[in-house]
Amino acid sequence: MSTNVFAQADTYVAARCIMSPGKLLETARSGIVRLTGCVSVNGAEAGSKDVLFDRSTGKIINGQHLFYGNGVTADEVIDLGGRIVCPGFIDVQFNGAFNFDFSDPSRGPDAYSAQLRDLNTKIIKTGVTSYLPTVTSQKKEVYHKTLPFLGPSGWQRHPSEGAESLGAHCEGPFISPGKNGIHNLDVLRTGLDGYPDLEDCYGSSNLRGAKGRPPRVKMVTAAPEVGSILKAIPEIADRGIVVAVGHSEATYDEAAAALEAGSTMVTHLFNQMAPLHHRTPGIFGLLGRTNREYRPYFGIIADGIHLHPSVVKLAYTSHPDGLILVTDAMSLLGLEDGTYDWTNGDRIIKRGSKLILEGTDRIAGGTATLLDCVNNFLNWSGVSIAEAVKTVTETPAKMLGLEKTKGVLSPGADADFVVLDYKRKADGELALEIYQVWKFGELVYQQDNAAS
């Protein structure tokens with residue numbers, strides 16, 4: 001399908017060459033906008049289909065219904081010169097960037113809020129329009145200070161504020177001490193009392209919705225073999241919170257029991273869990289369950305450091321509809337190489353995109369962007385552009401239960417778009433590049449050297 005996508009795009013470029021890409025062709029009046037001259041990507045499908053949306057609502061609309069039902073046409077038509085239009089990217093494991101760590105409230109609430117706003121306006125330029133701000137294993141006081149800032153923020157629908165939170169991801173502290181990675185052992189909890197322990201740790205108000213809004217916490221990563229976590233899974237899931245298995249030494253049977261209890265996700269598959277063995281498949285074995293059994297979604301860090309390309313392809317081949325690319329990006333994303341302080345008094349060494357916990361050989365998250373991961377996966381796996389983009393759009397949206405409003409180009413969904421350029425490099429690899437980013441129907445970023 002990749003070849004077809006590029007053939008379609010090249011046809012558009014030839015047909016529209018008399019127009020400047022991205023140029024406004026008609027004057028806006030009613031707020032209905034048509035993106036044309038593009039290859040639109042929706043799920044695993046790509047085609048020469050225009051995308052229409054209403055600026056006043058920030059929602060995608062049905063063009064045929066608009067014209068044939070009401071006799072209304074778009075007042076604003078934007079020709080994209082053969083570029084690719086896809087839904088905005090979603091990152092469900094994102095620890096911070098640009099010298100801001102979601103797990104660090106030490107500078108006070110005002111500074112934390114200001115840095116959060118700054119991050120949102122910067123990270124959207126990388127194509128990420130929605131994300132789960134991830135707080136790693138910490139003392140309960142840290143969760144109580146940070147989570148009130150990290151709940152779903154899109155209800156305000158302010159495009160100028162940049163990327164939106166879909167709710168926090170609490171990665172720990174109910175994890176296995178033997179698979180802690182760089183999580184501080186001193187703050188880990190056993191969860192012997194089950195759900196009440198989670199309420200004590202995260203704060204009960206952060207685990208329940210209020211005033212018609214969902215909980216501030218959207219996902220919890222935990223090890224089902226620890227304490228009474230397995231028994232707590234149903235109550236967590238009943239609150240609309242995704243339970244992910246991760247940082248775990250769970251056997252296949254223990255991991256399968258977590259799925260039966262309501263878990264639906266695996267956090268960064270292969271990393272910080274028992275390795276695959278042909279007689280004891282562990283957590284990875286969940287991908288080999290039959291079609292009659294539930295198979296989980298799973299995160300993959302395709303930054304070229306956390307996993308070998310062949311392992312990424314193996315996981316995708318096992319369960320294509322479950323793979324979700326994540327960055328596991330740290331606050332050092334966007335910073336120069338060097339040694340930096342991290343939470344709990346640890347220090348992290350940054351060399352290029354590789355992060356190592358000082359004094360160890362442990363990988364300490366990453367600094368790749370989500371588009372970097374998409375490009376890696378695209379070239380490692382040989383899938384189509386649409387299939388690669390699906391792993392950061394439709395699939396994470398489905399995992400979060402948000403597929404009606406996020407991750408798709410369907411009527412009623414939010415008008416969050418990424419417009420992509422593409423090129424084939426000298427070594428033959430394909431490279432997608434950000435041309436434009438739209439949020440709630442407003443253009444919030446355009447490549448500096450883009451034609452006007």
Side-chain angles (χ1 to χ4, degrees), residues 91-107 111-112 115-116 118-119 122-123 125-126 128 131-139 142-143 146 169-173 175-188 221 246-249 267-275 299-309 311-312 325-377 380:
D91 193 351
V92 302
Q93 189 172 6
F94 176 49
N95 306 288
F98 312 111
N99 204 32
F100 176 58
D101 188 333
F102 297 121
S103 301
D104 183 9
S106 62
R107 299 179 189 177
Y112 190 93
Q115 287 184 294
L116 177 60
D118 181 64
L119 177 145
K122 290 178 178 177
I123 199 64
K125 297 176 183 179
T126 70
V128 174
Y131 65 92
L132 300 190
T134 303
V135 182
T136 55
S137 297
Q138 305 292 333
K139 295 179 179 179
V142 172
Y143 295 107
T146 58
H169 173 183
C170 295
E171 186 189 359
I175 62 175
S176 170
K179 296 296 178 183
N180 64 306
I182 63 167
H183 291 230
N184 192 323
L185 287 170
D186 294 338
V187 303
L188 301 190
T221 291
H247 285 275
S248 170
E249 297 182 278
T267 291
H268 48 49
L269 186 69
F270 296 112
N271 296 116
Q272 294 307 317
M273 59 186 60
I300 286 287
I301 309 172
D303 60 358
I305 296 170
H306 282 79
L307 297 171
H308 190 278
V311 173
V312 174
L325 293 178
V326 301
T327 62
D328 198 21
M330 303 289 283
S331 61
L332 305 188
L333 190 160
L335 303 186
E336 298 295 327
D337 286 359
T339 302
Y340 295 86
D341 292 333
W342 193 53
T343 59
N344 302 316
D346 292 321
R347 287 162 64 82
I348 292 178
I349 300 171
K350 180 180 186 295
R351 293 179 183 145
S353 59
K354 190 172 186 177
L355 302 181
I356 298 293
L357 186 66
E358 187 177 45
T360 75
D361 60 354
R362 294 185 179 183
I363 298 173
T367 59
T369 67
L370 202 52
L371 183 61
D372 292 333
C373 295
V374 170
N375 278 323
N376 286 338
F377 177 65
W380 296 345

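The two residues S248 and S176 have their closest heavy-atom pair at CA-CB, 4.2 Å. The two residues P173 and Y143 make their nearest non-hydrogen contact at CD-OH, 3.3 Å. Heavy atoms only, all atoms of each residue included: K354 and I356 are closest at CE-CD1, 3.8 Å. Considering every non-hydrogen atom in both Q115 and N99, the closest pair reads NE2-O, 3.6 Å. Contact between V135 and T146 at its shortest, heavy atoms only, is CG2-OG1, 4.1 Å. Counting all heavy atoms, side chain and backbone alike, G299 lies closest to V326 at CA-CG1, 4.4 Å.
Of the inter-residue distances, the one linking I123 atom CD1 with T369 atom OG1 reads 7.5 Å to the nearest 0.5 angstrom. Annotation: the span from L355 atom CG to I305 atom CD1 amounts to 7.0 Å, rounded to 0.5 Å. Atoms CE and CD1, on M273 and I175 in that order, are 11.5 Å from each other to the nearest 0.5 Å. The structure places CD1 of I348 at 10.0 Å from OG1 of T339, a figure rounded to the nearest 0.5 Å.
At distances below 3.5 Å, not a single donor-acceptor pair connects side-chain atoms of N180 with backbone N or O atoms of I182. The closest donor-acceptor contact from the side chain of T134 to the backbone of L132 lies under 3.5 Å. Looking only at distances, a side-chain donor or acceptor of S103 sits under 3.5 Å from a matching main-chain atom of T136.
Crowding of R351 atom CZ: a count of heavy atoms from other residues, nucleotides or ligands under 6.0 Å not exceeding 12.
Of the candidates V312, I363, N376, N271, I301 forms a side chain to side chain contact (heavy atoms under 4.5 Å, CB included) with just one, namely N271.
Qualifying salt bridge (charged side-chain N to carboxylate O under 4.0 Å, His left out) partners for K179, counting only residues two or more places apart in sequence or in other chains: none. Shown here are the ring-ring contact (aromatic ring centres under 6.0 Å, His included) partners of F270, two or more places apart in sequence or in another chain: F284. For Y131, the side-chain hydrogen bond (donor to acceptor under 3.5 Å, both in side chains) criterion is met by N120, not counting sequence neighbours.
Aromatic pair H183/H247: centroids less than 6.0 angstrom apart. When ring centroids are compared, Y112 and F100 come within the 6.0 Å threshold.
Contact of the S353 side chain with the D303 side chain is not registered, since no non-hydrogen atoms from C-beta on lie closer than 4.5 Å. Residues H268 and H306 are not in side-chain contact: their nearest non-hydrogen atoms beyond the backbone lie 4.5 Å or more apart. With contacts defined as side-chain heavy-atom distances shorter than 4.5 Å, the pair M330/K350 does not qualify. Counting heavy atoms from C-beta outward, H169 and V92 have side chains that stay 4.5 Å or more apart. Residues I300 and F377 have side chains not in contact (no heavy-atom distance under 4.5 Å, counting atoms from C-beta outward). Contact annotation: the side chain of L370 never approaches that of T126 to less than 4.5 Å [non-hydrogen atoms, C-beta and beyond].
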Could you walk me through whether Y340 and D101 satisfy the side-chain contact (heavy atoms from CB on, under 4.5 Å) test, starting with their C-alpha distance in whole Å, then the side-chain angles of each, then the deciding distance to 0.1 Å, before giving a yes or no?
CA-CA 12 Å; Y340 295 86; D101 188 333; over 6 Å; no
May I have the step-by-step check of side-chain contact (heavy atoms from CB on, under 4.5 Å) for F98 and L333, ending in yes or no?
CA-CA 6 Å; F98 312 111; L333 190 160; 4.1 Å; yes
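Side-chain atoms of D328 and N95 form a donor-acceptor pair, as typed in the model, at a separation below 3.5 Å.
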